Amino acid sequence: MAKSSSIFTSAEPDQSSLEARLASVEKTLDQTLKIQGQLLELVSELSAKLAPESEAPQSRRASMSMAQSPAATPQAYGNRQRTENRFSRQRGNQVKRLIDAGFTPERAALIIDRQERLQYEQMQYSYEYHHMKDKRSERALALQQKIQTYSNPRRVFEQELNPADFEQYLNAFGGRTEMEIGSIIEAAPAYDAGLRAGDKIIRYNNQRVFHMGDLRTQVYQAKPGSSVEVEIQRQGSSSTETIYLPAGPLGIRG
């Protein structure tokens with residue numbers, strides 16, 4: 001009996017061992033959250049550089065005359081003027097593209113103002129998230145969502161503009177308005193649902209899809225085991241239809 005008792009005693013978890021394992025898990029989780037935060041910041045920076053509508057908007061500094069800045073040299077003043085003129089030209093080009101797409105001059109200017117404001121707010125959210133100690137808090141999770149959304153103004157404008165204006169906005173900057181399927185893996189969910197190369201995915205889980213990156217993001221957010229609503233447009237058709245696919249990878253390439 002004593003021998004049997006010793007066996008059960010030795011099998012009981014050691015308290016110090018459990019605490020060490022827990023500490024290790026918490027450390028790993030903290031490192032994972034830190035990496036996730038860095039990835040979010042990287043994604044926002046890349047989106048700002050790659051998104052067509054994000055090429056030009058940057059902060060415009062108020063000009064300062066040489067009389068207000070006695071220490072400024074003529075060369076420094078000239079460089080500042082050239083920089084401000086460049087930003088002004090970029091802004092003017094963007095406003096013109098919106099006007100050419102059908103917006104009034106006043107409406108176009110408001111959209112560009114809002115676009116620049118979105119970039120500023122996205123930087124504020126990124127700054128707050130970067131300096132948060134607890135990246136597992138509800139506020140941190142909310143900031144992650146805001147950073148992801150504000151890193152691409154299209155996501156915000158899709159909600160703020162009416163459908164017709166949003167399409168004009170996309171067309172003005174050459175933005176893709178849907179994702180065309182390049183190829184499909186046989187026996188994958190998309191193939192079984194009847195989708196084929198050349199078909200287009202307009203929305204996934206009620207979220208607009210512009211490219212494969214958008215689709216991947218939405219797929220990862222879908223709850224496992226659920227059925228997801230997908231709006232598609234068949235090749236050669238001008239109308240859309242809705243199908244339902246199981247949550248998870250679809251087996252398609254853009």
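Numbers here are sequence positions counted from 1. Note that this is a predicted model, so its numbers are computed, not measured.
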Note to self: If you define the side chain from C-beta out and look only at heavy atoms, does anything of Tyr204 sit under 4.5 Å from Asp214?
What the structure shows: no
Notebook entry, point to check: Is any side-chain N of the basic residue among Asp165 and Arg107 closer than 4.0 Å to the acidic one's carboxylate O?
Noted result: yes
Check: Can you list the steps and then say if Glu128 with Lys146 is a salt bridge (Lys or Arg N to Asp or Glu O under 4.0 Å)?
Finding: CA-CA 11 Å; Glu128 181 181 351; Lys146 286 182 178 294; over 6 Å; no
Next item on the list: Return the minimal non-hydrogen interatomic distance between Tyr129 and Ala140, and the atom names on each side.
Entry: CE1-O, 3.7 Å
Check: Any donor-acceptor pair under 3.5 Å linking the side chain of Asn205 with the backbone of Gln207?
Finding: no
Next item on the list: Could you tell me whether the side chain of Gln94 reaches within less than 4.5 Å of the side chain of Phe173, counting heavy atoms only?
Entry: yes
Item checked: Where Phe157 and Gln115 come nearest, the two heavy atoms and their spacing -> CZ-N, 3.9 Å
Checklist line | For Arg155 against Phe210, the heavy-atom pair lying closest together | finding: NH1-CE1, 3.8 Å
Next item on the list: Can you sort out the partners of Thr217 under side-chain hydrogen bond (donor to acceptor under 3.5 Å, both in side chains), two or more places apart, ordered by chain and number?
Entry: none
Show me the donor-acceptor pairs, under 3.5 Å and distance only, between side chains in residues 188-203 and residues at least two apart or in other chains.
unit_1: Arg196; atom_1: NH1; unit_2: Tyr191; atom_2: O; d: 3.0
unit_1: Asp199; atom_1: OD1; unit_2: Gln235; atom_2: N; d: 2.9
unit_1: Asp199; atom_1: OD2; unit_2: Arg196; atom_2: N; d: 2.9
unit_1: Arg203; atom_1: NH1; unit_2: Glu158; atom_2: OE2; d: 3.2

Notebook entry, point to check: Are any of the side-chain nitrogens in Arg117 or Asp113 under 4.0 Å away from the carboxylate oxygens of its partner?
Noted result: no
Next item on the list: Quick one: list whatever passes side-chain hydrogen bond (donor to acceptor under 3.5 Å, both in side chains) with Ser226, sequence neighbours left out.
Entry: none
Item checked: Shortest non-hydrogen separation from Met132 to Ser137 and the atoms involved -> CE-OG, 3.5 Å
Notebook entry, point to check: Can you list the steps and then say if Asn93 with Arg91 is a side-chain contact (heavy atoms from CB on, under 4.5 Å)?
Noted result: CA-CA 5 Å; Asn93 288 336; Arg91 175 183 170 82; over 6 Å; no
Check: side-chain contact (heavy atoms from CB on, under 4.5 Å) between Ile112 and Leu98: does it pass, once the steps are laid out?
Finding: CA-CA 9 Å; Ile112 298 303; Leu98 288 173; 3.6 Å; yes
Margin query: Could you go through Phe166 and Glu160, starting from their C-alpha distance and side-chain angles, then the distance that decides it, and tell me whether this counts as side-chain contact (heavy atoms from CB on, under 4.5 Å)?
Written below: CA-CA 9 Å; Phe166 183 59; Glu160 296 184 354; over 6 Å; no
Next item on the list: Evaluate the ring planes of Tyr127 and His131, with Trp represented by its six-membered ring, and classify them as parallel (under 30°), tilted (30 to 60°) or perpendicular (over 60°).
Entry: tilted
Check: Say you draw a straight line from CD1 of Ile181 to CD1 of Ile232; how long is it, rounded to the nearest 0.5 Å?
Finding: 7.5 Å
Notebook entry, point to check: Measuring from His130:NE2 to Ile147:CD1, what's the distance to the nearest 0.5 Å?
Noted result: 11.0 Å
Checklist line | Any residue meeting side-chain hydrogen bond (donor to acceptor under 3.5 Å, both in side chains) with Thr240, in chain and number order, not counting sequence neighbours | finding: Glu231
Next item on the list: Without swapping roles, check the side chain of Gln233 against the backbone of Ser237 for a donor-acceptor pair under 3.5 Å.
Entry: yes
Next item on the list: Taking all non-hydrogen atoms of both residues into account, name the closest pair between Gln148 and Ser151 and its distance.
Entry: O-OG, 2.8 Å
Next item on the list: Consider only side-chain heavy atoms of I, L, V, M, F, W and Y, link residues closer than 4.5 Å, and tell whether Ile243 and Leu215 are in one cluster.
Entry: yes
Notebook entry, point to check: Roughly how far apart are Glu106 CD and Thr104 OG1, rounded to 0.5 Å?
Noted result: 5.0 Å
Check: Which salt bridge (Lys or Arg N to Asp or Glu O under 4.0 Å) pairs, counting each pair once, include a residue from residues 242-254, with sequence neighbours left out?
Finding: none
Next item on the list: Measure across Ser227 and Tyr244 and return the closest heavy-atom pair with its distance rounded to 0.1 Å.
Entry: OG-CB, 3.5 Å
Notebook entry, point to check: Could you go step by step and tell me if Glu121 and Leu118 meet the side-chain contact (heavy atoms from CB on, under 4.5 Å) rule?
Noted result: CA-CA 5 Å; Glu121 292 175 357; Leu118 290 176; 4.1 Å; yes
Check: Partners of Tyr150 by ring-ring contact (aromatic ring centres under 6.0 Å, His included), sequence neighbours excluded?
Finding: Tyr125
Notebook entry, point to check: Would you call Glu167-Arg208 a salt bridge at under 4.0 Å N-O?
Noted result: yes
